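Below: the structure, in structure tokens.
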Number of protein chains: 2
Amino acid sequence: MAEQSVRRGRPGYDLESLLAIAVKLFNERGYDGTSMEELSRRLGITKSAIYHHVTSKEELLRLAMDRALDGLFAVTLEARSQEGRAIDRLEHVVRRSVAVLVERLPFVTLLLRVRGNTKVERAALARRREFDQLVTDLVKQAAADGDLRSDIDPSVTSRLLFGMINSVIEWYRPRGDITQDALADAVCTLAFSGLRVH
Amino acid sequence: MAEQSVRRGRPGYDLESLLAIAVKLFNERGYDGTSMEELSRRLGITKSAIYHHVTSKEELLRLAMDRALDGLFAVTLEARSQEGRAIDRLEHVVRRSVAVLVERLPFVTLLLRVRGNTKVERAALARRREFDQLVTDLVKQAAADGDLRSDIDPSVTSRLLFGMINSVIEWYRPRGDITQDALADAVCTLAFSGLRVH
DNA sequence: GCTGGCTGACCGACTGTTCGGTTAAGAATG
DNA sequence: CATTCTTAACCGAACAGTCGGTCAGCCAGC
């Protein structure tokens, strides 16, 4: 596991460590609300030094969102190559999505808040829509199988379902006492069985 | 119901009509991502004309968020003065919250996206937290009554529940074929009974 | 003629970005 | 060992453009 290659050159930030701090700040203040000046202060280096690692502010955003999108797309690839009932595959997608959300929390957070102001943002939104489509298809299939209630429109169901999942970024912090598995269990229980005692 | 007082002076925008367009643009581009110049272009008047109606950009934000918060707080006041089992009062809060979300969609949307960069934003976040607390208390009470499942932490439950509700702002548009009541039904069914067929 | 809405020119501060030069480390050379 | 080379990160000053906001005065309708 020791991928500890010796760092050459002057010590300091590399792209990864810089990106981590940048994304954290973007999530605190919002992407548009964060200036490069402010970021440089947080990093403890000058504004111009940032441009040694990255060609523009927007590239920071792109890099971050790609990390989130790559994780989510790995889930869809998994789901597509899977067998079994749609409802079971749906539950698997939900569990894996929660995992990606938790493991790449800052990146996904940034992704979910993008408004589509620039080309980069619109491209990210387009990839997100692809993901949503897969989930909606699964919900439709499971409803057709008779495993999911058919009294609610599948697209409404999938939107509310992923609304619940995505809301995790607003409050979940890995440091806390809730493990990733416990969170996934809570989400699945609530989503599939509801919160009322029957 | 005719509150149609006669408009005097030169015809044009008043505060309300200006605010409506401003909030719409803020939601499209994000508050920080929208410049007063851009807003003036959308309004069809000059930048300085905006300052005839409002003292600052932030006041637009404050006015909008207050409209959302006032609606949500009316729900909590209702809930506090209500009798009956906690689970029934919780369902009522959920239904009324969906109603407020739909009726004041643009204002609530703006509220839910604020990051806390300024005093105005932090004050709004504080009021939001008060609202969340009421819901969490209701969930706790309902769990203590034995009406709600006790295998999930009440604060997690309430967060996921309102994550689902709040996600409505991301996709629901009143123009569509889903009525407000149908939406509230879908939310309550999904939240309380889950999406699996039993 | 008063009220309410608007214009156009302007300000200082801040924006993201560029550029030429510098500094600190490991690696190669003698 | 000391020297030079290479790599990688950084600084300071400046750029053109945009930001939110101001002010004195103009204009349309009851």
Side-chain angles (χ1 to χ4, degrees), chain A residues 2-23 25-26 28-65 110 114-115 117-121, chain B residues 2-23 25-26 28-65 110 114-115 117-121:
Chain A
E3 240 254 69
Q4 193 80 16
S5 73
V6 193
R7 284 275 298 278
R8 298 191 49 172
R10 184 176 173 176
Y13 291 102
D14 61 353
L15 180 58
E16 212 59 34
S17 55
L18 187 143
L19 184 63
I21 295 182
V23 170
L25 190 59
F26 286 162
E28 281 173 32
R29 303 282 233 244
Y31 174 73
D32 286 317
T34 308
S35 69
M36 294 298 268
E37 175 83 38
E38 205 175 348
L39 174 57
S40 75
R41 250 180 280 136
R42 176 71 69 102
L43 289 164
I45 58 179
T46 48
K47 217 170 28 156
S48 56
I50 301 173
Y51 289 89
H52 172 72
H53 300 277
V54 90
T55 65
S56 68
K57 186 186 179 187
E58 210 171 3
E59 192 182 2
L60 282 170
L61 181 63
R62 193 177 51 76
L63 287 169
M65 292 195 303
L110 198 55
V114 124
R115 307 297 327 145
N117 288 348
T118 64
K119 265 189 189 171
V120 171
E121 297 187 15
Chain B
E3 239 252 71
Q4 193 82 16
S5 75
V6 193
R7 286 274 298 278
R8 303 189 48 174
R10 183 175 174 179
Y13 291 103
D14 62 353
L15 179 57
E16 213 57 36
S17 55
L18 187 143
L19 183 63
I21 296 183
V23 170
L25 189 59
F26 286 162
E28 282 173 29
R29 303 281 235 242
Y31 174 73
D32 286 318
T34 308
S35 69
M36 294 298 267
E37 175 84 38
E38 205 175 349
L39 174 57
S40 75
R41 252 179 279 136
R42 175 72 69 102
L43 289 163
I45 57 178
T46 48
K47 205 171 45 153
S48 53
I50 301 173
Y51 288 90
H52 173 72
H53 299 276
V54 91
T55 66
S56 67
K57 186 187 181 186
E58 211 172 4
E59 192 183 1
L60 283 170
L61 182 61
R62 192 177 50 76
L63 287 169
M65 293 196 302
L110 197 55
V114 125
R115 307 297 328 142
N117 287 348
T118 64
K119 266 190 190 169
V120 171
E121 297 187 15

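Fair warning: this is a prediction, and the values are worked out from it, not measured in the lab. Each chain gets a letter, A, B and so on, in the order the sequences are listed, and its residues count up from 1.
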From [atom1] of [X] over to [atom2] of [N], roughly how many Å is that when rounded to an integer?
X	N	atom1	atom2	answer
A/Leu15	D/dA9	CG	C1'	13 Å
A/Leu61	C/dG16	CG	P	13 Å
A/Glu37	D/dC11	CD	C1'	13 Å
A/Glu16	D/dA9	CD	C1'	16 Å
A/Asp32	D/dG20	CG	P	11 Å
A/Tyr13	D/dT7	OH	P	25 Å
A/Glu38	C/dA13	CD	P	19 Å
A/Ile50	C/dC19	CD1	C1'	16 Å

What pair of heavy atoms forms the shortest contact from A/Ala49 to A/Ile45, and how long is it?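 Taking every non-hydrogen atom into account, CB-CD1, 3.8 Å.
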
For a quick check, tell me whether the side chain of A/Lys47 and the base of C/dT17 share a donor-acceptor pair closer than 3.5 Å.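 Counting by modelled atom types and ignoring angles, a donor-acceptor contact under 3.5 Å is found here.
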
Please confirm whether any donor atom in the side chain of A/Ser48 sits under 3.5 Å from an acceptor in the base of D/dG12, or the reverse.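 When only heavy-atom distances are counted, A/Ser48 does reach the base of D/dG12 through a donor-acceptor pair under 3.5 Å.
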
Just jot down the salt bridge (Lys or Arg N to Asp or Glu O under 4.0 Å) partners of A/Arg10, sequence neighbours excluded, or say none.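 Here no residue qualifies.
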
Phosphate contact ([N] OP1 or OP2) by [X] side-chain N/O below 4.0 Å:
X	N	answer
B/His53	C/dC6	yes
B/Thr46	C/dG8	no
B/His52	C/dG5	yes
A/Tyr51	C/dT18	no

Out of curiosity, A/Leu63 CG to A/Leu110 CG, how far, rounded to the nearest 0.5 Å?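 CG of A/Leu110 is found 11.0 Å from CG of A/Leu63.
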
Selected nucleotide, minimal atom distance to B/Ser35 side chain, candidates D/dC19, C/dT15, C/dG5: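 Comparing D/dC19, C/dT15, C/dG5 against the side chain of B/Ser35, the answer is D/dC19.
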
Is B/Arg62 salt-bridged to B/Glu59, cutoff N-O under 4.0 Å?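 Salt bridge present between B/Arg62 and B/Glu59.
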
Using C1' atoms of five pairs at each end, report the bend of the helix from C/dG1-D/dC30 to C/dG30-D/dC1 rounded to 10 degrees.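 One end axis against the other gives 10°.
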
Any A/Leu18 side-chain heavy atom under 4.5 Å of A/Leu60 side chain: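 With C-beta onward as the side chain, the pair touches.
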
Indicate yes or no for a side-chain donor-acceptor contact from A/Arg7 to the backbone of A/Gly12 under 3.5 Å, with no hydrogens or angles considered.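 The answer is yes, because a donor-acceptor pair under 3.5 Å joins these two groups.
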
Under 4.0 Å, counting only non-hydrogen atoms across every strand here, what does B/Thr34 touch: a base, just sugar-phosphate, or nothing?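 Here B/Thr34 touches the backbone only, sparing every base.
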
Are A/Tyr51 and A/Met36 close enough, and set up right, to give a side chain to side chain contact (heavy atoms under 4.5 Å, CB included), and what steps lead you there? CA-CA 10 Å; A/Tyr51 289 89; A/Met36 294 298 268; 3.4 Å; yes

Taking N or O atoms only and anything under 3.5 Å, show me the protein contacts with nucleotides 23-27 of chain C, one pair per line.
residue	atom	partner	partner atom	Å
C/dT23	O2	A/Arg10	NH1	3.2

Show, in sequence, the C-alpha distance, side-chain angles and deciding distance for B/Arg115 and A/Phe26, and conclude whether the side chain to side chain contact (heavy atoms under 4.5 Å, CB included) test is met. CA-CA 10 Å; B/Arg115 307 297 328 142; A/Phe26 286 162; over 6 Å; no

B/Ala49 vs A/Ala49, nearer the 5' end of DNA chain D by closest nucleotide: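 With B/Ala49 and A/Ala49 compared, the 5'-side residue is A/Ala49.
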
As a quick check of understanding, evaluate side chain to side chain contact (heavy atoms under 4.5 Å, CB included) for A/Lys57 and A/Leu39, giving each step before the final call. CA-CA 10 Å; A/Lys57 186 186 179 187; A/Leu39 174 57; over 6 Å; no

I'd like to know whether A/Glu28 forms a side chain to side chain contact (heavy atoms under 4.5 Å, CB included) with A/Arg42, so could you lay out the CA-CA distance, the side-chain angles of the two residues, the decisive distance to 0.1 Å, and finally the verdict. CA-CA 12 Å; A/Glu28 281 173 32; A/Arg42 176 71 69 102; 2.9 Å; yes

